[in-house]
Amino acid sequence: MLEIKNLHAGVEGRQILKGIHLSIQPGEVHAVMGPNGSGKSTLAQLLAGRAGYTITAGEVLYEGQDLLDMDPEERARAGVFLAFQYPVEIPGVNTTYFLRTAVNAMRKHRGQAPLDAVKFLSLMREKIKLLELDESLLKRSVNEGFSGGEKKRAEILQMALLEPRLAVLDETDSGLDIDALKVVARGVNRLKTPQTAQLVITHYQRLLDHIIPDYVHVLHDGCIVKSGGKELALELEERGYDWIVKSPLQTA
Amino acid sequence: MPATLTAPIRPADQLAAAFARQHQSSPAWLQPIRQAAWTRFLELGLPTTRDEDWRFTNLAPLSALPLAPASQGSSANLREVVFATLSGPCLVFVDGHYAPKLSEIGALPPGVRIGNLAATASGEERALAPSLQSRASKQSAAFDSLNAAFFTDGALIHVPDDVVLEAPIRLYNITTSPDAGSMINLRHLIQVGARSRATVIESCLGQTDAAYLNNSVTELSTGAGARVEHLKFQDEAAAGIHVSSLRLRLAQGSHAAHHSLALGARLARNNILARLEGEGADCLLNGLYLAVGEQLMDHHMVMEHASPRCDSREFFNGILDDQSRGVFHGRIHVHPGAVKTDAKQTNRNLLLSDEATANTKPQLEIYADDVKCTHGATVGQMNPEQLFYLQARGIDLDNARRMLMHAFAGEIIERIACLPAREELDQLVWNRLEQNPHIAA
Ligand SMILES: Nc1ncnc2c1ncn2[C@@H]1O[C@H](COP(=O)(O)OP(=O)(O)OP(=O)(O)O)[C@@H](O)[C@H]1O
Ligand SMILES: [Mg+2]
């Protein structure tokens, strides 16, 4: 589904990703962990199509297509979804209106008829319950004045509405209390099918108790320095990153 | 042939001759007032960019015009005009003169008076005298004097205490004159009594290709506990020059909201002076300006906090394209003793072209303790983070830009309480923005 080969990327004069290799098959859940500043969000944003990065080498194939050659909206329509680490506030753009526009853009791409306001509302009511979000948020501007936890849950609400094939979750667990974490994890797990895949970026093992990864990768200084099964996350929780960084490069 | 006749008539001579005629035809009480105003105008002359209050607003397009009072307009097209479908009293002025055939006042609650000044032979028009002689607004003194010297008519709106006027009162100020240099000077007086409520919508429209000066003064005062909404919709002709003075005086516990929608004119200068005179008054100044081509849109505000516990809010958003310029000057003056003042001011500018400019100047003068004054200004392009977020949800760039633009304008329009006016403006502003080729990347 996703094939990242030798990806090198950075910003003006500064190399951030230094040769990433990662292969994700349908049905899999991959976790990416790593110290602050190692390049996790950069990788996530690059996959979603954020401008401003220079790709100096490598390629990314998504379902056989050159992902890096697609506009952000094309990627989204093709089923790539990024839950942002820091969702941006958009004052003046009503949340319901935004969500309906996004859903209908997807539907149009899939050759489906647009949902009218009534049909959309009932779809949204169903999803919002799943994430235990307050309906009044939908009347507000996108993310404006949302609490940290509300922002994160709203990201997963969007994921539930857009039904992506490849979801990239960038620290969706940070800022969530234990109960909210469970709600979010349940939301994410519901969207897991044999045809979809998830790339979960996190600092904490506790998320991976609920969203169980098939693979765990450690990103350090722009490279994946170690990959393993879910037990690797436990080991990282106990021992930190030092032992990996200091030992010679190895992969599972 | 005498030498004097071969010399070309200078514009100033032409204006002086026009003044003499205006003066002569005025009632006795008004003559000395007009004379004083004319003398003051001659002393002051038109402001230049050396004047701090006019630093960013070059009046060259105006000084090039051969100014003379507009001759009485014949008729104006009101069929497809903005707010045409609203109900309520409606006063139409064409080229500075009241057009009774186009106006409709209808039945009014007892004590409410709505009409044009020139028609109130009862002497009510003398209520204007203090305003005509006021030297309160330094920033617009030359234009206010010009208006006092030449004003031809205006609306008189008097709402006594304890009356709620549901329907908005519409004033149209339409310029149709085909002559370059036509000058229109209207003067409106609006008094809303204690605990009363009223909405006034002033539309300044141009239906001509000529370059003209529309120089209006609106005086609005509220009684204690009154609630007033005043909306000015400015869509002058492309070559028109619009200068207006709005003076608000707020009594204790009253609330006044002024919305300025500036879309038209070659050059538009809005002078707004708000005095919070009574304790606990609150005032909202809310503006949206859209400029293209070489348009210049200037809002110059003075917020006088003269009493304790008053709130003022100023929100101005501008969308500037091509070589246009937006100017925002917001002075907040907190007088001694005006404790617990809460004043906030923001000016946001969205630049759609590299050649557009925004000048924003806050000015805080605080002479009281225990006050809260904040101001903020932004000038920039559309936020790329916001655009990316929308795109990442499958919304194409074109649409994403539209959504942000709409939000930027909508933020201001949303504050208009009068629902039918708000809905119409929302659509109108949106249509105007949609005509802009730069919205698409
Ligand atoms: N636009 C940019 N300009 C300059 N430096 C950048 C830019 N984007 C990222 N970086 C730098 O690249 C490095 C990687 O950043 P990134 O956000 O990918 O880290 P991260 O692994 O997500 O960290 P965290 O765990 O703190 O979220 C950091 O040092 C960051 O400062
Ligand atoms: Mg990050």
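Chain letters run A, B, ... following the sequence lines, proteins first, then strands; residues in each count from 1.
- Residue contact with chain B, scored on non-hydrogen atoms closer than 4.5 Å, is absent for A:Arg75.
- Contacts with chain B (heavy atom to heavy atom, under 4.5 Å) involve these residues of residues 63-72 of chain A, listed by number: A:Pro72.
- A 4.5 Å side-chain heavy-atom check between B:Leu397 and A:Glu73 finds at least one atom pair inside the cut-off.
- Between A:Val88 and B:Gln386 the shortest heavy-atom distance is CG2-CG, 3.8 Å.
- Ranking A:Gly52, A:Ala51, A:Ala102 against chain B, the residue ahead of the rest is A:Ala102, based on heavy-atom pairs under 4.5 Å.
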Decide side-chain contact (heavy atoms from CB on, under 4.5 Å) for B:Leu390 and A:Ile90; before the verdict, give the C-alpha distance in whole Å, the side-chain angles of both, and the deciding distance to 0.1 Å.
CA-CA 9 Å; B:Leu390 295 172; A:Ile90 314 183; 3.8 Å; yes
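- Along residues 150-176 of chain A, the residues that come nearer than 4.5 angstrom to chain B, judged on non-hydrogen atoms, are A:Glu155, A:Gln158, A:Leu162 in order of number.
- Within the 4.5 angstrom heavy-atom criterion, atoms from both the backbone and the side chain of A:Gln45 approach chain B.
- A distance of 4.5 Å separates CZ of A:Phe84 from CZ of B:Phe388, quoted to the nearest 0.5 Å.
- Contact residues of residues 111-147 of chain A toward chain B are A:Val142, A:Asn143 (heavy-atom distance under 4.5 Å).
- One distance of note links NE2 of A:His109 with CG of B:Asp396; it measures 12.5 Å at 0.5 Å rounding.
- In this structure, A:Ala76 and B:Arg393 approach most closely via the heavy-atom pair CB-C, 4.0 Å.
- Judged purely by atom type and a 3.5 angstrom limit, B:Glu411 has no side-chain atom pairing as donor or acceptor with the backbone of A:Pro91.
- A 6.0 Å sphere centred on NZ of B:Lys340 holds no more than 12 heavy atoms belonging to other residues, nucleotides or ligands.
- With respect to chain B, the highest number of heavy-atom pairs below 4.5 Å among A:Met106, A:Arg77, A:Lys108 belongs to A:Arg77.
- A:Arg50 contributes atom CZ, which lies 11.5 Å from atom CG of B:Leu387 (distance to the nearest 0.5 angstrom).
- With sequence neighbours left out, B:Phe328 forms a ring pair (Phe, Tyr, Trp, His ring centres under 6.0 Å) with B:Phe316.
- No more than 12 heavy atoms of other residues, nucleotides or ligands shown are found within 6.0 angstrom of CZ on B:Arg197.
- Between B:Glu385 and A:Tyr86, every side-chain heavy-atom pair lies at or beyond the 4.5 Å cut-off.
- Counting heavy-atom pairs closer than 4.5 Å to chain A, the top-ranked of the candidates B:Gly394, B:Ala407, B:Pro384 is B:Gly394.
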